[in-house]
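Taking it in order: structure first as structure tokens, then the write-up.
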Amino acid sequence: MLGDHSENETLNASSSDPSPPMGVSYVYGPSGVTEFQITLWSSVAVLGVIGNLLVCLVILGRLRKTSMNYYLLSLAIADLGVLICIYPIAVVKYISPTRWLLGRVVCLYVLPTEEVFFGASIWSITVIAIERYVNIAGARKYRSGQPSHLRTSLIIMVVWLTSFLVSSVPLYPFMQDEPTCHPRWPVTDGKPIMAYTYLISLIVVWYLLPLSVIAFTYMKIRERLRDSIAFRDFISCRGGHANTGMPLSRGATEKRIWRKSIKTRRILTPLVILFTLTMFPINALRTIILIKPEFILNKYYNLIMGQMGLFVIVNSSANPLVYYITSKEFKEAFKAVLKSFREKETFLNSFRLRRTLSSWRSSKYEMEETSANLHNKPTNRVSKTTAVTINILYESYL
């Protein structure tokens, strides 16, 4: 085990990317391999930014304003935050793990906010699962009517605010930027108790707890489905609604809720699986550091962190692909947006061609008129033929 000072430094970290203590010598891959890695990561990140921007456009402009779509909008914004804010900083830290290159302001005020996006991401997914559970298996008083936009907006605000309070606020008092950017946690009885507490809270609140809540909702919904099937079989045996006293409207409402639940599940299940698989490595690494803090001194630690970063990028980039594959509404909306972009590009190209032909024709006529005035004779036949050809081309694009 390390001494108290060294153990404290190993846990002096932003949770998603623990920073190494001073004097550590890491193994670097060949420059060609590093360039290939960064190129690959950047390509995935760029595609993820484009995809999540498309998600924002179709939700705000083309899809119905349902609560689930607003939660997916929150998820897309969180993913954009990971790809636009966190990813560039992670690349710089990967290239220079023992020296901070981005300045004091970024270290003290920007870096502590990176975990906010992870919290908002997973809890946006969790809220979708909770709302699905409430609609199907929850108490009836919570299932009456659709959730209001105000209630949905308040839930999203609570998710983001809680993410900030849990992950960012504890870091601000302890951040330092020399030589690396990391929080310098206080030591209590020779142990960095606050660092341990912070790391444990992120593992639990950002990974274990939301996945447990989602698993609970799936189990309860499955039980509700079993009861519903048994109830329908009972009705069939008794001869329908009339003999059971169940109103016809209740059956129609149940069917509508189940149809909505199936649509939600088609999107939700792949999102949960994707998050579980891609965020497991970084949380496993956090657990290892929690149990064995000196692991951060391993000379291969920086290379390992780089590979962890790829999983995080994939998690934030692949969600739009999930929507495209699993949701007919998203698929049609994506196609409509891309088609409108192509139509605008075609219109702009046509407009530019019209202006070019118009300018060409005007210049040609001016040259011919000037030549005719100078020589005091009509323009030759070739010039007239050229002018007619230009005029035909111009008129064909009007």
Side-chain angles (χ1 to χ4, degrees), residues 1-29 86 89-102 107-108 110-119 122 163 166-211 278-312 315:
M1 178 64 69
L2 300 173
D4 295 337
H5 176 70
S6 297
E7 183 179 1
N8 184 34
E9 286 200 346
T10 58
L11 287 171
N12 279 339
S14 165
S15 61
S16 65
D17 187 9
S19 301
M22 296 176 60
V24 178
S25 179
Y26 287 133
V27 172
Y28 294 86
I86 298 177
I89 297 176
V91 170
V92 173
K93 295 181 74 174
Y94 180 68
I95 296 172
S96 177
T98 58
R99 185 173 180 81
W100 179 250
L101 303 176
L102 298 178
C107 175
L108 299 184
V110 177
L111 192 63
T113 64
E114 64 179 1
E115 285 292 337
V116 173
F117 300 113
F118 293 121
I122 181 55
S163 299
V166 170
S167 64
S168 297
V169 171
L171 293 177
Y172 279 116
F174 308 110
M175 294 300 295
Q176 67 171 24
D177 63 331
E178 294 181 359
T180 61
C181 181
H182 61 269
R184 179 167 292 279
W185 299 104
V187 176
T188 304
D189 296 330
K191 296 287 185 179
I193 302 300
M194 289 189 64
Y196 284 125
T197 303
Y198 182 74
L199 205 54
I200 291 172
S201 67
L202 289 178
I203 295 171
V204 173
V205 178
W206 277 189
Y207 192 73
L208 297 178
L209 179 60
L211 291 181
T278 55
M279 296 303 290
F280 174 78
I282 190 68
N283 283 281
L285 180 62
R286 291 172 178 172
T287 305
I288 292 172
I289 294 173
L290 191 63
I291 298 172
K292 192 176 181 181
E294 61 268 25
F295 180 78
I296 200 172
L297 303 177
N298 189 296
K299 62 181 181 179
Y300 297 105
Y301 174 78
N302 191 52
L303 293 177
I304 295 172
M305 277 303 304
Q307 312 322 308
M308 301 294 177
L310 176 61
F311 286 99
V312 175
N315 174 66

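Count residues from 1 along the sequence.
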Measure the [atom1]-[atom2] distance between [X] and [Y] for me, rounded to the nearest 0.5 Å.
{"X": "L285", "Y": "I296", "atom1": "CG", "atom2": "CD1", "value": "8.5 Å"}
{"X": "M308", "Y": "Y301", "atom1": "CE", "atom2": "OH", "value": "9.0 Å"}
{"X": "L111", "Y": "L102", "atom1": "CG", "atom2": "CG", "value": "9.0 Å"}
{"X": "I282", "Y": "T287", "atom1": "CD1", "atom2": "OG1", "value": "10.0 Å"}
{"X": "T113", "Y": "L171", "atom1": "OG1", "atom2": "CG", "value": "10.0 Å"}
{"X": "E115", "Y": "F117", "atom1": "CD", "atom2": "CZ", "value": "11.0 Å"}

Sequence-distant partners of [X], side-chain contact (heavy atoms from CB on, under 4.5 Å), two or more places apart:
{"X": "P173", "value": "none"}
{"X": "S201", "value": "Y198"}
{"X": "I288", "value": "F295"}
{"X": "F280", "value": "Y207, A284"}

Test item: [X] and [Y] side chains (from C-beta on) under 4.5 Å apart, heavy atoms:
{"X": "I289", "Y": "R286", "result": "no"}
{"X": "L202", "Y": "F118", "result": "no"}
{"X": "I95", "Y": "L101", "result": "no"}
{"X": "R99", "Y": "T180", "result": "no"}

*Considering residues at least two apart in sequence or located in another chain, which fulfil the side-chain hydrogen bond (donor to acceptor under 3.5 Å, both in side chains) criterion with S168?*
none
*Let me see the working for H182 and M175 under side-chain contact (heavy atoms from CB on, under 4.5 Å), right down to the final yes or no.*
CA-CA 6 Å; H182 61 269; M175 294 300 295; 5.7 Å; no
*Say whether, by atom type as modelled, one donor and one acceptor occur between the side chain of S96 and the main chain of V92 under 3.5 angstrom.*
no
*Between the main-chain N or O of L303 and the side-chain N or O of Q307, is there a donor-acceptor pair closer than 3.5 Å?*
yes
*Crowded around Y172 OH? As in, over 12 foreign heavy atoms under 6.0 Å?*
yes
*With F174, which residues qualify under ring pair (Phe, Tyr, Trp, His ring centres under 6.0 Å), at least two apart?*
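Checked F174 against ring pair (Phe, Tyr, Trp, His ring centres under 6.0 Å); matches are W185.
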_Over all atoms of both residues, closest heavy-atom pair of V116 and S163_ = O-CB, 3.7 Å
*Taking all non-hydrogen atoms of both residues, which atom of V205 and which atom of P210 are closest, and how far apart?*
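For V205 and P210, the tightest heavy-atom pair comes out as O-CD, 3.2 Å.
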*Could you please spell out the steps behind the side-chain contact (heavy atoms from CB on, under 4.5 Å) verdict for I89 and V110?*
CA-CA 10 Å; I89 297 176; V110 177; 4.1 Å; yes
*asked:* Do the side chains of K93 and E114 get close enough for a salt bridge, i.e. N-O under 4.0 angstrom?
replied: no
